[in-house]
Amino acid sequence: MKSLDREILRLALPSIVSNITVPLLGLCDVTIMGHVGGAASIGAIAVGSMIFNVMYWLFVFLRMSTSGLTAQAYGAGQWENTRRILRRSLTTALLFGLAIVVLQVPLRWLTFWLMQADGEVAALCIPYYYICIWGAPAVLGLYVLTGWLVGMQNTRVPMMIAIGQNVVNIAVSLVLVIGFGLGLRGVAIGTLVAQWTGFLAGIVGSLASSSSPTGERNIYLLRRNITKRLTSPLSLWRGVRDEAREASIEVYIFLRTLCLVSVNLWFTSAGSAQGPLILAANTLLMQFFMIYSYMMDGFANAGEALSGRYLGAGDKPMLRQTVHRLFLWGGGVALFFTLVYWLGGMPLLRLLTSDGAVVSTAHTYLPWAVLIPAAGMAAFVWDGIFIGTTRSRGMFVSCFWAAAVFFALWLTLHPLMGNHALWLALLAYLTMRGLVQTFLWKA
């Protein structure tokens with residue numbers, strides 16, 4: 001059992017570091033423009049970052065499906081199959097990325113309309129958008145490479161890539177903004193260079209991880225065997241069947257992502273409709289959720305790698321033990337953050353803002369934020385396990401019913417409870433995801 005715990009931590013800790021570095025890309029841009037630009041420049045970066053975050057979030061199925069399928073092939077010792085999965089997923093990602101580049105003008109009209117961006121902020125955001133849009137193939141390609149590396153039981157390379165991206169982004173942006181006076185365009189170019197640098201580093205890291213632990217001789221024999229088998233109609237049918245299965249996994253994860261996006265966007269919109277104080281308070285308290293998610297996503301990534309690996313190997317006892325240990329780790333993390341938020345919630349709020357009115361408003365809803373770790377723990381753990389075992393339909397079903405509960409509670413209770421109804425709906429949504437996945441796993 002200790003060896004399994006070590007394996008979980010070996011995979012989880014680098015993923016946690018990677019997760020923490022992700023928001024630093026946007027924070028770096030905001031910090032640079034905060035010192036050399038004005039409020040409109042900061043707003044333009046915020047709008048541009050949100051546009052790309054939502055756009056790319058819809059393609060997260062590329063990472064998730066690649067991770068689970070690769071982990072299962074790794075567990076089964078199907079080394080050539082891991083390469084096939086990488087080639088197929090990378091081709092799909094690059095095609096989607098190129099489509100985004102080709103459709104950049106209508107996408108700008110749509111996204112700017114949805115974000116209600118106009119005036120000076122929109123004028124500044126337009127060049128930022130048209131520069132960063134060329135990073136779409138690199139971003140989506142890196143999604144696939146990251147998922148593939150996690151499936152290959154390697155989370156250290158994605159961590160190094162994430163750190164390297166931040167270093168490149170900071171260095172290039174500072175040189176272009178301060179040294180050449182390019183302003184917001186310099187920040188956009190820095191982001192673009194960091195994205196392509198990360199993608200190229202992912203290619204190198206994947207090539208280094210592509211050799212099988214059983215040696216190149218076995219790879220040669222396996223390739224020869226596959227070549228022979230591909231000549232038979234049965235093998236061709238199996239290939240078509242596998243492609244259809246992998247496509248269905250991606251579709252279900254995409255639909256699941258739509259449910260997630262709808263809840264997150266509605267939470268922000270509903271808070272905004274209640275006034276600037278409520279919006280600010282909700283935004284601060286959601287940082288509690290984000291901080292907790294960085295930690296839990298690391299264990300979810302470990303769940304992807306290990307559950308897929310043991311399923312592929314046909315080792316059901318180890319799969320059950322992995323689920324058990326992941327929930328023990330998840331429970332410990334949830335308990336830790338619950339205590340931190342309960343005892344240190346107010347100091348954390350004061351650290352995030354010096355506005356007394358916002359802190360006072362946030363304090364009213366702080367008890368809901370304290371409950372986030374307990375409500376969301378099972379959903380995070382099960383997501384990793386369901387991704388690794390490619391139970392994407394179950395992920396969609398759980399998210400669909402959880403979203404339905406969220407909207408039903410908000411619409412029913414909002415007139416009576418105000419913003420408390422919004423937080424109750426969010427906690428019910430997180431809890432329902434975990435409950436439905438628990439039921440589906442047992443079934």
Side-chain angles (χ1 to χ4, degrees), residues 50 53-61 63-65 68 114 247-274 278-279 282-283 285-286 288-290 292-293 296-297 300 303-304 327 330 334 365 367-443:
M50 179 61 71
N53 286 342
V54 173
M55 185 187 302
Y56 294 147
W57 201 8
L58 295 175
F59 293 95
V60 76
F61 67 85
R63 191 201 73 77
M64 292 182 174
S65 61
L114 290 173
S248 70
I249 291 170
E250 292 173 347
V251 169
Y252 278 124
I253 295 177
F254 175 76
L255 294 174
R256 176 249 189 190
T257 303
L258 288 180
C259 294
L260 287 175
V261 171
S262 66
V263 169
N264 288 336
L265 290 180
W266 188 272
F267 185 90
T268 301
S269 176
S272 178
Q274 297 178 82
I278 294 293
L279 175 60
N282 285 352
T283 301
L285 291 173
M286 280 301 289
F288 288 41
F289 177 78
M290 294 303 296
Y292 172 66
S293 71
M296 287 303 302
D297 273 339
E304 294 176 30
F327 267 93
Y365 306 103
W368 296 110
V370 173
L371 295 174
I372 284 175
M377 184 274 290
F380 277 104
V381 174
W382 279 130
D383 277 351
I385 295 167
F386 272 53
I387 291 169
T389 56
T390 55
R391 296 192 177 200
S392 57
R393 184 176 182 275
M395 293 175 66
F396 163 63
V397 169
S398 67
C399 239
F400 174 82
W401 287 112
V405 168
F406 171 86
F407 287 111
L409 286 176
W410 163 249
L411 295 173
T412 304
L413 299 178
H414 170 60
L416 301 174
M417 299 175 61
N419 196 52
H420 287 289
L422 187 61
W423 279 98
L424 174 61
L426 178 66
L427 293 180
Y429 158 79
L430 292 172
T431 304
M432 181 60 66
R433 280 172 55 191
L435 288 176
V436 174
Q437 286 174 302
T438 300
F439 172 78
L440 292 176
W441 182 262
K442 289 182 177 180

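Keep in mind that what you see is a predicted model, and the values were worked out from it rather than measured.
Atoms CG and CG, from Leu58 and Asn53 in turn, are 11.0 Å apart once rounded to the nearest 0.5 Å. With rounding to the nearest 0.5 Å, the separation of CG in Asn419 from CG in Asn282 is 4.0 Å. In this structure, the separation between CE on Met296 and CG on Asp383 is 10.0 Å, given to the nearest 0.5 Å. Considering CE of Met395 and CG of Leu260, their distance stands at 8.0 Å, rounded to 0.5 Å. Here the SG-CE distance, from Cys399 to Met432, works out to 12.0 Å after rounding to the nearest 0.5 Å. Rounding to the nearest 0.5 Å gives a distance of 9.0 Å between CZ of Phe289 and OH of Tyr292.
By the 4.5 Å heavy-atom criterion applied to side chains, Ser398 and Phe386 are not counted as neighbours. Counting heavy atoms from C-beta outward, Tyr365 and Leu422 have side chains that stay 4.5 Å or more apart. Contact check for Leu424 versus Met417: side-chain heavy atoms found under the 4.5 Å cut-off. Taking the side chain as every heavy atom from C-beta outward, Trp266 and Val263 never approach each other to under 4.5 Å.
Between Tyr429 and Phe406, the ring planes are perpendicular. Angles over 60° get that label, and only those under 30° would be called parallel. Phe254 and Phe61 have perpendicular rings, their planes meeting at more than 60° on a 0 to 90° scale where under 30° would count as parallel.
Minimum interatomic distance between Ala428 and Val405 (heavy atoms only, all atoms of both residues): CB-CG1, 4.0 Å. Shown here for Ala334 and Pro373, the closest heavy-atom pair between the two residues is O-CB, 3.5 Å. Between Leu285 and Ala369 the shortest heavy-atom distance is CD2-CB, 4.0 Å. Ser392 and Ser248 get closest at one heavy-atom pair: OG-O, 4.2 Å. Taking all atoms of both residues into account, the shortest heavy-atom contact from Phe327 to Met377 is CD2-SD, 3.9 Å. Across all non-hydrogen atoms, the minimal contact from Gly68 to Thr390 is C-CG2, 3.9 Å.
With hydrogens and angles ignored, the 3.5 Å screen pairs a side-chain donor or acceptor of Thr412 with a backbone N or O of Ala408. Of the possible donor and acceptor atoms, one in the side chain of Ser293 sits under 3.5 Å from a partner among the backbone N and O of Met290.
Residue Tyr56 places its OH atom among more than 12 non-hydrogen atoms of other residues, nucleotides or ligands, all under 6.0 Å distant.
Applying the side-chain hydrogen bond (donor to acceptor under 3.5 Å, both in side chains) test to Trp368 and every residue at least two apart in sequence or in another chain returns His420. By the side-chain contact (heavy atoms from CB on, under 4.5 Å) test, Leu255 is found to be paired with Val251, Leu258, Phe396, residues two or more places apart in sequence or in another chain being considered. Scored by the side-chain hydrogen bond (donor to acceptor under 3.5 Å, both in side chains) test, Ser65 finds no partners at all (sequence neighbours excluded).
Judged by a 6.0 Å distance limit and a 45° cone about the ring axis, Arg433 is not positioned over the six-membered ring of Trp382.
A donor-acceptor contact closer than 3.5 angstrom is absent between the side chains of Trp57 and Thr257.
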